[in-house]
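Just so it is clear, the structure is predicted and the values come from calculations on it, not from any experiment.
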Amino acid sequence: MTKEENEARLEKLKRIVSALPEKPGSYQYYDAEGTIIYVGKAKNLKSRVSSYFHTEVDRFKTKVLVSKIHDISYTVVNTEEDALLLENALIKKYNPRYNVLLKDGKTYPSICITKEYLPRIFSTRTINKKWGTYYGPYSHIGSMNAVLELIKKLYHPRTCRQPLTEEGVNEEKYQVCLEYHIKNCGGPCIRKQSWEDYQKNIQQAREILKGNTREVLRQMKEEMMQLAEGLRFEEAEEVKRRYLLIEQFVAKSEVVSHTINNVDVLTITNDEKVAFINYIHVSNGQINQSFTFEYKKKLAENDAELLQLAIVEMRERFHSNAKEIILPEEVDINLEGVTITIPQRGEKKTLLELSLMNGKQYKFDRLKQAEKLNPEQKQVRLMKELQDLLHLQKMPYHIECFDNSNISGSDAVAACVVFKKMKPSKQDYRKYHIKTVVGPDDYASMKEVVSRRYNRLLEEGEPLPDLIVADGGKGQMEIIRQVIQDELKLDIPIAGLAKNDKHRTNELLYGFPPRIIGIKDTSELFRTLTHLQDEVHRFAITFHREQRSKHALHSELDDIKGIGPKTRDELLKGLKSVKKIRDAELKDLMTIVGQAKAKIVYDYFHG
């Protein structure tokens with residue numbers, strides 16, 4: 001698009017905006033092909049739409065949206081609530097490119113009560129409102145199965161898939177199945193159970209699915225008393241059985257407070273690209289619905305904007321008529337007859353915290369699921385987390401850690417382990433013999449090894465690490481800093497892992513002077529850093545033990561020039577000891593290792 005064409009486009013849009021009414025409504029943006037790319041709502045159409053075309057708009061994504069707009073249409077409504085409902089309907093219908101995308105949880109099942117003459121009750125993942133009424137979806141399958149099992153025990157709804165009709169029942173076209181004979185069905189298809197009784201059971205099942213168990217229990221108690229007064233004790237006993245089943249079910253469910261009734265609760269948990277919004281409905285002091293939705297962000301929407309969308313969507317989806325909505329923050333929404341509450345303490349605050357906990361758990365589960373499918377996603381997340389924690393300029397893809405090992409200065413060695421993408425890169429591990437330090441001096445040993453390591457990397461043109469981690473506290477960090485910054489003039493971040501009195505890692509240090517970085521010792525990142533420290537310690541100790549073992553197994557034969565380990569082993573195998581080898585005749589040695597090797601050994605011991 002040329003500059004002139006763009007100016008003409010903006011001029012046309014400004015004319016449309018100037019003519020917009022100052023009333024509530026929904027507005028739609030179109031691209032050059034006439035496709036709706038964004039749907040919004042407003043209390044004041046003119047004020048809201050004109051805000052997109054202000055020069056001080058600083059959101060990059062909003063600027064991109066504005067650059068794609070070629071036409072604007074709008075619909076005026078009476079109230080802000082109508083505007084919300086219209087926006088929600090249009091987003092569902094057109095699925096605009098720049099609107100928040102609701103990722104529908106189609107993998108979660110719902111419970112369906114069909115619209116048949118004799119309704120069935122079953123779980124399904126397919127939603128078609130022509131078939132019946134749906135309750136759910138249920139994110140916890142166990143909870144759904146518990147409700148279905150309760151309804152099955154209480155009311156014995158039919159499970160057969162026959163298309164039963166009133167005419168067919170009247171004409172006695174049907175026969176009972178096995179379910180009737182094992183007393184899992186009352187046989188309404190052959191009038192063993194009356195249509196009125198069956199429908200009463202279905203209605204009570206609906207109330208249980210809505211969470212209105214208190215009302216069902218009240219009706220049952222009244223029925224039980226009436227049957228007892230009429231001396232119909234067997235029927236009263238059956239009602240009592242149902243009553244106790246519901247009571248047991250309610251006792252296991254989440255009870256908040258009997259004073260809280262018909263309330264919606266919404267909370268939001270965010271990351272950069274996705275928002276997770278949890279919805280809880282409380283009826284008669286009992287949580288009867290909890291579900292978390294994912295919203296994929298498009299224009300860096302804030303929490304309040306996303307909660308607005310979620311309120312309309314979830315109330316519509318779950319057929320909620322709650323007169324109170326509990327939220328974590330103020331939202332610019334006005335629903336007729338509905339109170340918005342932001343609790344600071346008490347039972348409603350507890351409800352809010354419960355909803356937030358559910359949202360966070362859902363986010364964690366989704367993250368784990370994604371990381372199982374793509375393991376690299378987890379590594380990138382941990383690198384980004386460490387980068388943000390230490391305020392590094394780039395993600396620490398390449399991390400190196402050093403450790404020393406010696407006993408009173410003898411067999412002094414050091415080790416360097418390398419982690420790439422937060423995982424051990426064992427082919428890059430390096431072992432070092434301490435050459436210039438006499439006695440047990442850990443600081444001097446560390447200085448020698450770090451200097452040797454990075455001088456060599458510089459000479460060979462090898463890539464330098466993004467982060468160096470000292471297996472120790474402030475002292476070790478300072479020694480590494482002296483080599484890296486003062487001597488080699490390199491700009492490599494340096495961190496330290498300090499241990500407590502019980503020799504357990506408990507602090508992450510960073511900066512000069514070093515400061516403690518707040519990190520939970522139960523977090524995945526902390527466990528990864530501890531693994532790095534354990535790995536360098538293991539590698540250094542293993543190398544040190546190898547050196548001590550070599551010295552322990554050293555014999556005088558190792559000092560004979562021209563005699564290698566193979567010849568040494570053959571002589572020891574044949575003559576059993578160095579003393580016997582020393583005392584042996586030349587011809588005896590020749591029979592074991594040949595003339596040349598035998599003469600070397602014989603001459604060594606006999607001058």
Side-chain angles (χ1 to χ4, degrees), residues 88-89 92 102-166 168-169 174 176-180 184-189 193-213 215-216 242 245-246 249-250 252-253 262 264 278-284 286-294 313-322:
N88 190 46
K92 286 181 181 176
L102 172 61
K103 297 181 74 176
D104 220 341
K106 292 175 182 174
T107 55
Y108 295 108
S110 297
I111 292 177
C112 175
I113 298 183
T114 62
K115 294 179 179 178
E116 297 169 281
Y117 172 67
L118 294 170
R120 291 177 295 134
I121 303 176
F122 56 89
S123 65
T124 179
R125 296 175 189 269
T126 305
I127 306 297
N128 187 338
K129 293 183 180 179
K130 292 180 181 178
W131 296 351
T133 307
Y134 293 84
Y135 300 88
Y138 289 86
S139 55
H140 188 259
I141 308 299
S143 300
M144 182 194 72
N145 290 334
V147 175
L148 282 173
E149 187 64 24
L150 173 71
I151 290 171
K152 184 178 178 181
K153 287 180 180 178
L154 286 170
Y155 305 118
H156 305 305
R158 73 183 183 96
T159 56
C160 62
R161 296 190 177 185
Q162 288 192 71
L164 304 181
T165 62
E166 184 177 4
V169 172
Y174 310 114
V176 290
C177 60
L178 178 62
E179 291 292 298
Y180 170 75
N184 283 342
C185 176
C189 57
Q193 181 182 14
S194 70
W195 182 84
E196 290 76 17
D197 185 51
Y198 190 88
Q199 290 295 335
K200 186 182 80 172
N201 288 350
I202 294 295
Q203 184 55 40
Q204 287 194 349
R206 290 182 192 275
E207 294 302 315
I208 289 172
L209 290 171
K210 290 177 184 177
N212 298 332
T213 49
E215 179 62 24
V216 175
R242 295 180 181 182
L245 280 172
I246 296 177
F249 175 76
V250 171
K252 292 178 185 175
S253 62
N262 201 18
D264 288 335
N278 177 262
Y279 168 83
I280 284 178
H281 180 74
V282 180
S283 181
N284 295 320
Q286 178 186 321
I287 294 172
N288 64 5
Q289 187 60 258
S290 175
F291 198 77
T292 302
F293 286 89
E294 287 181 53
E313 171 64 32
M314 294 188 189
R315 284 172 67 86
E316 177 187 315
R317 180 166 298 219
F318 295 108
H319 311 292
S320 172
N321 59 356

> Leu150 and Lys153: side chain to side chain contact (heavy atoms under 4.5 Å, CB included), yes or no, with the steps?
Replying inline: CA-CA 5 Å; Leu150 173 71; Lys153 287 180 180 178; 5.7 Å; no

Using modelled atom types only, decide if a donor and an acceptor are shared between the side chain of [X] and the backbone of [Y] within a distance under 3.5 Å.
{"X": "Tyr117", "Y": "Trp195", "answer": "no"}
{"X": "Arg120", "Y": "Cys112", "answer": "no"}
{"X": "Tyr279", "Y": "Arg315", "answer": "no"}

Indicate yes or no: at least one non-hydrogen side-chain atom of [X] is less than 4.5 angstrom from one of [Y].
{"X": "Ile202", "Y": "Ile121", "result": "yes"}
{"X": "Pro119", "Y": "Tyr198", "result": "yes"}
{"X": "Asn201", "Y": "Pro157", "result": "no"}

Inter-residue atom distance [X].[atom1] - [Y].[atom2], 0.5 Å rounding:
{"X": "Phe293", "Y": "Glu313", "atom1": "CZ", "atom2": "CD", "result": "6.0 Å"}
{"X": "Ile280", "Y": "Met314", "atom1": "CD1", "atom2": "CE", "result": "11.0 Å"}
{"X": "Asn184", "Y": "Cys177", "atom1": "CG", "atom2": "SG", "result": "9.5 Å"}

> Step by step, would you call Leu148 with Lys152 a side chain to side chain contact (heavy atoms under 4.5 Å, CB included)?
Replying inline: CA-CA 6 Å; Leu148 282 173; Lys152 184 178 178 181; over 6 Å; no

> Stepwise, does the side-chain hydrogen bond (donor to acceptor under 3.5 Å, both in side chains) test hold for Gln203 with Glu207?
Replying inline: CA-CA 6 Å; Gln203 184 55 40; Glu207 294 302 315; 3.3 Å; yes

>> With no hydrogens and no angle check, just 3.5 Å: does a side-chain donor-acceptor pair link Tyr155 and Gln204?
In response: yes

>> Can a side-chain donor-acceptor contact be found between His281 and Asp264 if the only test is distance below 3.5 angstrom?
In response: yes

> Can you name the closest pair of heavy atoms from Val169 and Pro188 and give their distance?
Replying inline: CG1-O, 4.0 Å

>> Consider side-chain contact (heavy atoms from CB on, under 4.5 Å). Of Asn128, Ile111, Thr126, which one does Tyr134 pass it with?
In response: Asn128

>> Out of the candidates Gln193, Glu179, Glu116, only one should pair with Arg158 under the side-chain hydrogen bond (donor to acceptor under 3.5 Å, both in side chains) rule; please name it.
In response: Glu116

>> If you apply the rule side chain to side chain contact (heavy atoms under 4.5 Å, CB included), what do you find for Thr114 with Phe122, and how did you get there?
In response: CA-CA 9 Å; Thr114 62; Phe122 56 89; 3.4 Å; yes

